[in-house]
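First up is the structure itself, then whatever we jot down about it.
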Amino acid sequence: MPDIAFVKPALPRSGALVLPLTEEAPLAGLAKQADEAAGGAIARGLEAAKFKGRKGQTATLWAPGAGLSKVVAIGLGKAADLAATGAEAGGGAIAGPLAQEREAVVAADGLAPALAASLALGVLLKSYRFDRYRTTEKEEDKPKLERVAVATSDATKAKAAFAPMQAVADGVFVTRDLVSEPPNVLTPAECAERCKALTKLGVEVEILGPKEMRKLGFGALLGVAQGSANEPRMVVMKWNGAAKGKKPGKPVAFIGKGVTFDTGGISIKPAGGMEDMKWDMAGAGTVIGLMAALAGRKAKADVVGLVGLVENMPSGTAQRPGDVVTTASGQTVEVINTDAEGRLVLADVIHYCIEKHDPRFMVDLATLTGAIIIALGHEHAGLFSNDDTLAQRIEAAGKAVGEAAWRMPLGEAYDKQIKSDIADMKNVGGRPGGSITAAQFIQRFVQGRPWAHLDIAGTAWSNKDLPTAPKGATAYGVRMLDRLVAEYYEG
Ligand code: BES
Ligand code: MN
Ligand code: ZN
């Protein structure tokens, strides 16, 4: 990923120049200087390319003169409509055209410093690549962008706006790395091990293994784990940023489903596309990246992140459909379908979170149901909550950063669907409202506390490029929940 610098407006004498342009603005400031130095070639080139500055429009001019190898123009749409997400998308749009350049200057002198920072964030987020396992890629095909210098009228202001964004981007990259890792590498133990890196940022990291979890009575989580040769883990990450030296207050809690691979267990999934189930730990990956983001920007809040890490495998020791497990809360569950494992993992971790950390509220994230993809596609995560204020805040925070969530209902009628004949509940409620009955299941473990559940099965991974993410792991939720904390729970 490139380094981002903010500099005073000055014309580069070589290399690539990026011109973010709105619909109404003619070439002005740095862009105008560049055009004059190039003898009007930039204006002529943009005219020939029919570049109008429309949102998402790009044009590349090669060697227009003035020593420049390349000018990349990106359209930002109407100036009056330009918000942070638009500037980010504009930044994202130049990551591709700049991939083969070592350095680029962005003529952002026409943008407010905060928008210049957002644009830089977009370049950074879109430049992400997971290439740890490529060994034969040709040198000329590798991305080369090392430094992006954003020229702005107020470099100090832009820099200050960007500093927390860089921390959040680093958190996003933590998540994307974890979610992209193959499942033979990222076992529960390995994922837990990687959480330790957060101690460098001042996060307290505690890892619990099967022995500790047996003591805590985690019958549901351990039931999922029992078919796998890879032991489960639970990781608790604490960031106490609210008041230095003082006793921390009630924390806000984030809880992630971390199924490092979901075969379905004995209720095994079909072979086609099963490899996608390596990202069934995206909820956990998001919580880990979120903790990195919050600590990285020294958020003034007390936050605890918990992840339940297991592998769901079929084997001679695997749990069976029909098994009854006792959760940490004491409630019993008839396991009808071993593929509805995420809710079993969350049940124990949520209960532990309440008993041990007495949270102000809880938000869980989970790639929980295929049904949420049927309902909402890949454009919104499903948002379920017993607390209207919390739900509205999450929705608003998501909107502000381009991570949309859509509120879904909860209700007693749905809860009836998970009644069991022999236990307190069963772990599936049939096909109708499958995402809702999954949420009802989780709600039985929150003890009436303020809680929200984000079903991110449709948003954790993308099969196509997005404005600020290349295809692959999106880290959906990191920015949303960082914003939630920043906006409502700091200071
Ligand atoms: N991890 C899956 C959900 C999932 C499916 C995520 C597709 C991403 C893409 C989850 O553990 C699961 O298998 N859910 C079942 C529940 C069913 C058995 C009630 C499902 O959605 O089919
Ligand atoms: Mn499953
Ligand atoms: Zn799963």
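As the structure is a prediction and not an experimental result, all values here were calculated from the model.
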Q: Please name the pair of heavy atoms, one in Ile436 and one in Phe384, separated by the smallest distance, quoted to 0.1 Å.
A: CA-CE2, 3.8 Å
**Q.** Lys/Arg N to Asp/Glu carboxylate O, Glu334 vs Lys419, below 4.0 Å
**A.** no
Q) With distance as the sole test, does Ser315 use its side chain to make a donor-acceptor pair with the main-chain N or O of Gly227 at under 3.5 Å? A) yes
Q: State, yes or no, whether a side-chain contact exists between Thr260 and Pro183 at a heavy-atom distance under 4.5 Å.
A: no
(Q) So, using salt bridge (Lys or Arg N to Asp or Glu O under 4.0 Å) as the criterion, who are the partners of Asp262 when residues are at least two apart? (A) Lys269
**Q.** Any side-chain donor near an acceptor of the partner, Asp280 and Thr367, under 3.5 Å
**A.** yes
(Q) Using modelled atom types and a 3.5 Å cut-off, is there a donor and acceptor pairing between side-chain atoms of Gln166 and backbone atoms of Ala163? (A) no
Q: Report the C-alpha distance between His453 and Ser385 in whole Å, list the side-chain angles of each, state the deciding distance to 0.1 Å, and finish with yes or no for side-chain contact (heavy atoms from CB on, under 4.5 Å).
A: CA-CA 6 Å; His453 157 59; Ser385 184; over 6 Å; no
Q.
Would you say that Val303 contacts Pro251 through its side chain, given a criterion of any heavy-atom pair below 4.5 Å between the two side chains?
A. no
Q. Is there a side-chain contact between Arg134 and Glu137 (heavy atoms, below 4.5 Å)?
A. yes
Q) Looking at Pro20 and Val106, what are the two nearest heavy atoms and their distance? A) CG-CG1, 3.8 Å
(Q) Per the salt bridge (Lys or Arg N to Asp or Glu O under 4.0 Å) rule, what does the pair list look like for residues 377-403, sequence neighbours excluded? (A) Asp388-Arg407
Q.
Taking Ala114's backbone N and O only, do any of them form a donor-acceptor pair with Ser118's side chain (distance below 3.5 Å, no angle check)?
A. yes
Q. Got a salt bridge between Arg444 and Asp415, using NZ or NE/NH1/NH2 to carboxylate O under 4.0 Å?
A. yes
(Q) The criterion is side chain to side chain contact (heavy atoms under 4.5 Å, CB included); which residues satisfy it with Ser267, sequence neighbours excluded? (A) Pro321, Asn337, Thr338, Asp339
**Q.** By side chain to side chain contact (heavy atoms under 4.5 Å, CB included) - contacts of Thr468 (at least two apart)
**A.** Glu88, Leu125
Q | Heavy-atom side-chain proximity of Met234 to Asp348 below 4.5 angstrom | A | no
(Q) In the structure I gave you, are the side-chain heavy atoms of Arg297 and Asp482 within less than 4.5 Å of one another anywhere? (A) yes
Q) Phe361 and Tyr488: ring pair (Phe, Tyr, Trp, His ring centres under 6.0 Å), yes or no, with the steps? A) CA-CA 12 Å; Phe361 67 80; Tyr488 304 104; 9.7 Å; no
Q: Provide the full list of salt bridge (Lys or Arg N to Asp or Glu O under 4.0 Å) pairs with a residue in residues 224-242, sequence neighbours left out, each pair given once.
A: Glu204-Lys238, Glu231-Arg233
Q | Expected output: side-chain Gln440 to main-chain Thr437 donor-acceptor under 3.5 Å | A | no
Q | Where Ile456 and Ala381 come nearest, the two heavy atoms and their spacing | A | CG2-CB, 4.2 Å
Q) Do Met237 and Val287 come within less than 4.5 Å of each other through their side chains, counting heavy atoms only? A) yes
Q.
salt bridge (Lys or Arg N to Asp or Glu O under 4.0 Å) for Lys142 and Asp131? Distances and angles first, verdict last.
A. CA-CA 10 Å; Lys142 287 186 186 160; Asp131 49 14; over 6 Å; no
**Q.** Main-chain N/O of Leu466 paired to Lys126 side chain as donor or acceptor, under 3.5 Å
**A.** yes
Q. Regarding Tyr414 and Gln443, is there a side-chain donor-to-acceptor distance under 3.5 Å anywhere?
A. no
Q | Residues which pass side chain to side chain donor-acceptor pair (under 3.5 Å) with Thr58, listed by chain and number, not counting sequence neighbours | A | none
Q) Is a donor on one side and an acceptor on the other found under 3.5 Å between the side chain of Thr263 and the backbone of Ile268? A) no
Q. Under 6.0 Å from the CG atom of Asn463, do we count more than 12 heavy atoms belonging to anything else shown?
A. no
Q | With sequence neighbours excluded, residues passing side chain to side chain contact (heavy atoms under 4.5 Å, CB included) with Ser329 | A | Thr327, Gln331, His351, Phe445
Q) Given the rule in the side-chain contact (heavy atoms from CB on, under 4.5 Å) test, do Trp279 and Ser180 qualify, once you have shown the distances and angles that lead to the verdict? A) CA-CA 7 Å; Trp279 44 262; Ser180 302; over 6 Å; no
Q. Mind checking what makes side chain to side chain donor-acceptor pair (under 3.5 Å) contact with Trp451, not counting sequence neighbours?
A. Asp364
Q. Can you list the residues that meet the side chain to side chain contact (heavy atoms under 4.5 Å, CB included) rule with Asp177, with sequence neighbours excluded?
A. Tyr128, Phe130, Arg132
(Q) Tell me whether His380 contacts the main-chain N or O of Ala404 through its side chain, where contact means a donor paired with an acceptor under 3.5 Å. (A) no
Q) Is the closest side-chain heavy-atom distance between Phe441 and Asn427 below 4.5 Å? A) yes
(Q) Check whether Asn240 reaches the backbone of Asp302 with its side chain - one donor and one acceptor, N or O, closer than 3.5 Å. (A) no
(Q) Taking Glu275 first and then Lys278, would you say they form a salt bridge - that is, a charged N and a carboxylate O separated by under 4.0 Å? (A) no
Q) Under the 3.5 angstrom rule, does the side chain of Glu311 hit a backbone N or O of Ser228 as a donor-acceptor pair? A) no
Q: Check the pair Ile288 / Leu198 against side-chain contact (heavy atoms from CB on, under 4.5 Å), numbers first and verdict last.
A: CA-CA 8 Å; Ile288 298 164; Leu198 271 60; 4.2 Å; yes
Q. When the ring planes of Phe218 and Tyr352 are compared, do they come out parallel, tilted or perpendicular, using 30° and 60° as the limits?
A. perpendicular
**Q.** Partner of Arg343 by side-chain contact (heavy atoms from CB on, under 4.5 Å), out of Ile418, Val428, Val333
**A.** Val428
Q) Is any side-chain heavy atom of Leu186 less than 4.5 Å from a side-chain heavy atom of Leu178? A) yes
Q: Return yes if some donor-acceptor pair links the side-chain N/O of Asp455 with the main-chain N/O of Ala457 below 3.5 Å, else return no.
A: yes
Q: List the atom of Ala293, the atom of Val478, and the distance in Å for their closest heavy-atom pair.
A: CB-CG1, 4.3 Å
Q | Residues Asp465, Lys471; criterion salt bridge (Lys or Arg N to Asp or Glu O under 4.0 Å); working and verdict | A | CA-CA 4 Å; Asp465 279 11; Lys471 117 185 200 195; over 6 Å; no
Q. Is there a side-chain contact (heavy atoms from CB on, under 4.5 Å) between His357 and Val236 once you walk through the steps?
A. CA-CA 10 Å; His357 297 286; Val236 184; 3.6 Å; yes
Q) Thinking salt bridges, do Asp323 and Arg320 make one under a 4.0 Å N-O criterion? A) yes
Q. What pairs with Glu412 under side chain to side chain donor-acceptor pair (under 3.5 Å), at least two apart in sequence or on another chain?
A. none
Q: With sequence neighbours left out, write down each residue that passes side chain to side chain donor-acceptor pair (under 3.5 Å) with Asp141, or none if nothing qualifies.
A: none
Please tabulate, for side-chain N and O atoms in residues 219-226, each donor-acceptor pair with protein atoms closer than 3.5 Å (sequence neighbours left out).
residue	atom	partner	partner atom	Å
Gln226	NE2	Thr317	O	3.1

